[in-house]
Amino acid sequence: MWGRQTLLCTILIVVALVTQQSFLSRLGLPGATPDLLLVTVITLAFAYGPLTGAVVGFGAGMALDFAPSTAGPIGVAALLFMVMGFISGAAVDPRDRNPPVLIGIIALSCGAFVIAFAAIGSILGDVRIDWEQAPTLLLTATLYGALLGLAVVPVVLILVGKITPEAVP
């Protein structure tokens with residue numbers, strides 16, 4: 001089970017990272033960039049629980065931090081993704097996966113990530129942080145997270161059920 005679970009998580013994270021960096025970031029949508037990687041991490045945390053969510057979140061965050069187009073201090077996204085993965089995995093009872101609740105958690109997590117990333121960036125002296133844009137970025141990140149969640153949650157949960165059925169309660 002661990003081998004298949006690790007392989008599935010790795011493939012999903014790589015596909016999400018490549019799609020986000022090469023396609024979603026270049027769409028020119030207003031506000032924040034849709035965060036497919038965070039939505040994927042949270043969905044995997046829903047499926048496998050808080051420990052896997054934290055581990056996958058840390059790995060995905062480090063991959064994002066080292067991606068060529070990412071600027072800023074290394075490790076911030078990894079820390080935040082790890083926390084988001086753990087909290088999201090712990091917040092949902094695996095036996096009671098109510099889709100509106102899952103989408104709501106994803107949307108709130110995407111908004112919280114934007115604010116937390118900006119706050120940590122400000123503390124670390126990142127001059128690119130503009131707090132006047134925070135409400136717009138918060139709103140668009142939350143909206144994009146909910147929309148991505150509508151597409152990602154069913155696909156990931158179906159893949160988890162097919163590839164690692166013993167992990168699904």
Side-chain angles (χ1 to χ4, degrees), residues 5-6 8-27 29-92 101-153 156:
Q5 180 178 338
T6 302
L8 177 64
C9 290
T10 303
I11 290 170
L12 289 173
I13 292 302
V14 168
V15 167
L17 178 63
V18 169
T19 303
Q20 180 174 315
Q21 295 294 92
S22 63
F23 178 68
L24 293 176
S25 64
R26 293 176 180 16
L27 283 178
L29 295 172
T33 298
D35 202 341
L36 180 61
L37 190 60
L38 181 58
V39 172
T40 304
V41 166
I42 293 169
T43 305
L44 287 169
F46 291 155
Y48 291 122
L51 181 59
T52 301
V55 171
V56 169
F58 181 78
M62 287 305 287
L64 181 62
D65 282 335
F66 282 108
S69 64
T70 305
I74 292 175
V76 175
L79 173 68
L80 292 175
F81 275 40
M82 181 179 67
V83 170
M84 298 286 180
F86 182 82
I87 291 173
S88 299
V92 174
V101 171
L102 298 180
I103 301 305
I105 291 172
I106 289 172
L108 291 174
S109 296
C110 288
F113 175 79
V114 168
I115 296 300
F117 191 83
I120 292 173
S122 290
I123 291 169
L124 295 176
D126 191 348
V127 296
R128 298 173 298 131
I129 305 299
D130 182 9
W131 284 102
E132 291 178 6
Q133 293 182 356
T136 303
L137 293 175
L138 175 64
L139 179 65
T140 56
T142 304
L143 177 65
Y144 296 152
L147 292 174
L148 283 173
L150 289 171
V152 172
V153 169
V156 170

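Just so you know, these numbers come straight off a predicted model, no measurement behind them.
In this structure, SG in C9 is found 5.5 Å from OH in Y48, a value given to the nearest 0.5 Å. One distance of note links CG of L64 with CG of L17; it measures 6.0 Å at 0.5 Å rounding. Here the straight-line distance linking atom CG of L38 with atom OG of S88 works out to 7.5 Å at 0.5 Å rounding.
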*asked:* Before you tell me yes or no, could you show the steps for I120 and L80 under side-chain contact (heavy atoms from CB on, under 4.5 Å), namely the whole-Å CA-CA distance, both residues' side-chain angles and the distance that decides it to 0.1 Å?
replied: CA-CA 10 Å; I120 292 173; L80 292 175; 3.9 Å; yes
_Stepwise side-chain contact (heavy atoms from CB on, under 4.5 Å) test for F46 and I105_ = CA-CA 10 Å; F46 291 155; I105 291 172; 3.7 Å; yes
_V83/I87 under side-chain contact (heavy atoms from CB on, under 4.5 Å): CA gap, chis, key distance, verdict_ = CA-CA 6 Å; V83 170; I87 291 173; 3.6 Å; yes
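Residues T40 and V152 form a side-chain contact, since some pair of their non-hydrogen atoms from C-beta on lies under 4.5 Å apart. Within the 4.5 Å cutoff, the side chain of Y144 has no heavy atoms near those of the V39 side chain. Here the side chains of D65 and F81 are not in contact, with every heavy-atom distance at 4.5 Å or above. Residues I13 and L44 form a side-chain contact, since some pair of their non-hydrogen atoms from C-beta on lies under 4.5 Å apart. V41 is not listed as a side-chain neighbour of M82, based on a closest heavy-atom distance of 4.5 Å or more. Looking only at side-chain heavy atoms (C-beta outward), V76 and L124 come within less than 4.5 Å of each other.
When every heavy atom of Q20 is checked against every heavy atom of L36, the shortest pair comes out as OE1-N, 3.0 Å. I115 and A134 get closest at one heavy-atom pair: CD1-CB, 4.4 Å. Shortest non-hydrogen contact noted between A141 and V114 is CB-CG2, 3.4 Å. Taking each heavy atom of A60 and L37 in turn, the nearest pair found is O-CD2, 3.6 Å. Here the closest heavy-atom approach between residue T140 and residue P30 is recorded as CG2-O, 3.7 Å.
Annotation for F86: atom CZ does not count as buried by contact number, only 12 or fewer foreign heavy atoms lying within 6.0 Å.
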